[in-house]
Amino acid sequence: MGVATAPPPPTTSKTLQKQHLEAVGAYQYVLTFLFMGPFFSLLVFVLLFTSLWPFSVFYLVWLYVDWDTPNQGGRRSEWIRNRAIWRQLRDYYPVKLVKTAELPPDRNYVLGAHPHGIMCTGFLCNFSTESNGFSQLFPGLRPWLAVLAGLFYLPVYRDYIMSFGLCPVSRQSLDFILSQPQLGQAVVIMVGGAHEALYSVPGEHCLTLQKRKGFVRLALRHGASLVPVYSFGENDIFRLKAFATGSWQHWCQLTFKKLMGFSPCIFWGRGLFSATSWGLLPFAVPITTVGECPPPGGRPPAAAWASGILRPPVSLSLQWAAPSLSPSASTPPRRMSITIMPST
């Protein structure tokens, strides 16, 4: 076992320019995540009523012709995945990827990932960009991050996220990827999904696992190995207003999620120019992504995942990884426990 990449330089050794670049890298990801889809959707609509209407018409025609591309592997761009801005995003927290075992490229993999967090920052950084050198750590593997299918209905934004290797978390899309003749496909599925985002409280580990067995059936259909993955610190980069289960606010969140597919969360970070004010810049808390070793022979531990056991294999990662995440060598690690939240 070993840390996949050399740790970024400590904050005290960073120049002011470096700190500013890292903040820009983190902030642009937040703004893109929140506003790029709605902005271009509104722009395409508004341009229809101006002298620039041909641009919207041409794009809408292109959208119609290209509609099924996300379900057929998308359009990955290694140029986008290797941009320097993602290394700034990595260094801001910093984000680390821990390699516990070799994953041979002679089979496919389904990575069951937790927790969802607010923006899946650690998973995007490690699997959808090359900021931590995934291709060098696991040669021959081709990572895919499965996300909400509705995101691929948003004009322009759909093309942008496809360039990272994102795909819809739908049966059609995942079956297409895992049915490719070239082995080594590694699909990352956020098992808890939008429901788990409602419990992204700093310092807590609330997972949504009950009744979430579709990814196990997917692995069984294609003979893929199941690899549990956990991102420590993912829940700590924002503060979240969590409403009590059964409250009318929580009911509204669940109803909105059923209608729209995603959960409306009230969250905040620090200010862009002041660490003591509220804003959308995430807190610089380390994010460490850890994966469990697949079982010998590569067969998915389907019985362990699908039988309703509330202590998933990923909890083993909690046991050995917790000490390495202590703020300092002199600080004892905080006790970590998993809470399984019911699915809706």
Side-chain angles (χ1 to χ4, degrees), residues 3-40 76-98 113 115-137 143 145 147 151 156-166 188 190 197 200 202 231-240 265 267-289 325:
V3 177
T5 56
T11 304
T12 54
S13 66
K14 296 177 183 177
T15 64
L16 187 61
Q17 180 184 21
K18 172 65 173 172
Q19 295 180 46
H20 289 166
L21 288 174
E22 291 176 5
V24 168
Y27 204 59
Q28 66 83 27
Y29 173 63
V30 173
L31 295 180
T32 299
F33 184 94
L34 294 176
F35 302 118
M36 185 175 179
F39 172 79
F40 279 102
R76 182 187 300 255
S77 169
E78 294 304 323
W79 182 83
I80 293 290
R81 289 169 53 88
N82 283 278
R83 291 303 87 203
I85 192 69
W86 308 122
R87 292 190 290 275
Q88 304 298 342
L89 174 66
R90 174 202 65 190
D91 293 345
Y92 174 78
Y93 295 98
V95 178
K96 299 178 183 178
L97 179 62
V98 176
H116 184 283
I118 300 296
M119 298 184 183
C120 309
T121 304
F123 296 112
L124 179 125
C125 201
N126 286 319
F127 299 110
S128 298
T129 77
E130 287 296 326
S131 58
N132 271 329
F134 181 90
S135 297
Q136 285 71 45
L137 288 167
L145 184 59
V147 298
L151 296 178
V156 182
Y157 187 62
R158 67 189 290 275
D159 303 285
Y160 179 69
I161 61 178
M162 277 195 291
S163 66
F164 290 90
L166 271 62
V188 183
M190 310 302 301
S200 303
S231 264
F232 298 91
E234 187 70 52
N235 287 346
D236 299 329
I237 63 176
F238 287 107
R239 302 294 180 262
L240 175 76
C265 299
F267 66 93
W268 64 93
R270 50 156 292 182
L272 181 60
F273 302 106
S274 172
T276 59
S277 62
W278 292 10
L280 289 176
L281 183 64
F283 296 103
V285 179
I287 300 175
T288 303
T289 302
L325 301 179

About how many Å separate [atom2] of [Y] and [atom1] of [X], when rounded to the nearest 0.5 Å?
| X | Y | atom1 | atom2 | answer |
| --- | --- | --- | --- | --- |
| Leu166 | Leu124 | CG | CG | 6.5 Å |
| Arg90 | Glu130 | CZ | CD | 11.5 Å |
| Asn126 | Asn132 | CG | CG | 5.0 Å |
| Thr288 | Leu97 | OG1 | CG | 9.5 Å |
| Leu151 | Tyr160 | CG | OH | 13.0 Å |
| Lys14 | Asp91 | NZ | CG | 5.5 Å |

What heavy-atom pair brings [X] and [Y] nearest, and what distance separates the two atoms?
| X | Y | value |
| --- | --- | --- |
| Tyr92 | Glu22 | CA-OE1, 3.5 Å |
| Cys265 | Ile118 | CB-CD1, 4.4 Å |
| Asn82 | Arg87 | O-NH1, 3.5 Å |
| Ala113 | Val188 | CB-CG1, 3.9 Å |
| Gly117 | Asn235 | CA-OD1, 3.5 Å |
| Ala197 | Leu240 | O-CD2, 3.9 Å |

Do [X] and [Y] have side chains that get closer than 4.5 Å, going by heavy atoms?
| X | Y | result |
| --- | --- | --- |
| Leu280 | Leu34 | yes |
| Phe238 | Val30 | yes |
| Phe123 | Val147 | no |
| Trp86 | Leu89 | yes |
| His116 | Cys120 | yes |
| Arg239 | Pro202 | yes |
| Met36 | Val156 | yes |

Which one of Thr121, Val95, Thr289 satisfies the side-chain contact (heavy atoms from CB on, under 4.5 Å) criterion with Ser231?
Thr289

Polar side-chain atom of [X] near backbone of [Y] as donor-acceptor pair, under 3.5 Å:
| X | Y | value |
| --- | --- | --- |
| Tyr29 | Cys125 | no |
| Tyr93 | Ile237 | no |
| Arg81 | Ser163 | no |
| Ser277 | Ser274 | yes |
| Gln88 | Val24 | no |

CD (Glu78) with more than 12 external heavy atoms under 6.0 Å
yes

Can you classify the ring geometry of Trp278 versus Trp268 as parallel (below 30°), tilted (30 to 60°) or perpendicular (above 60°)?
parallel

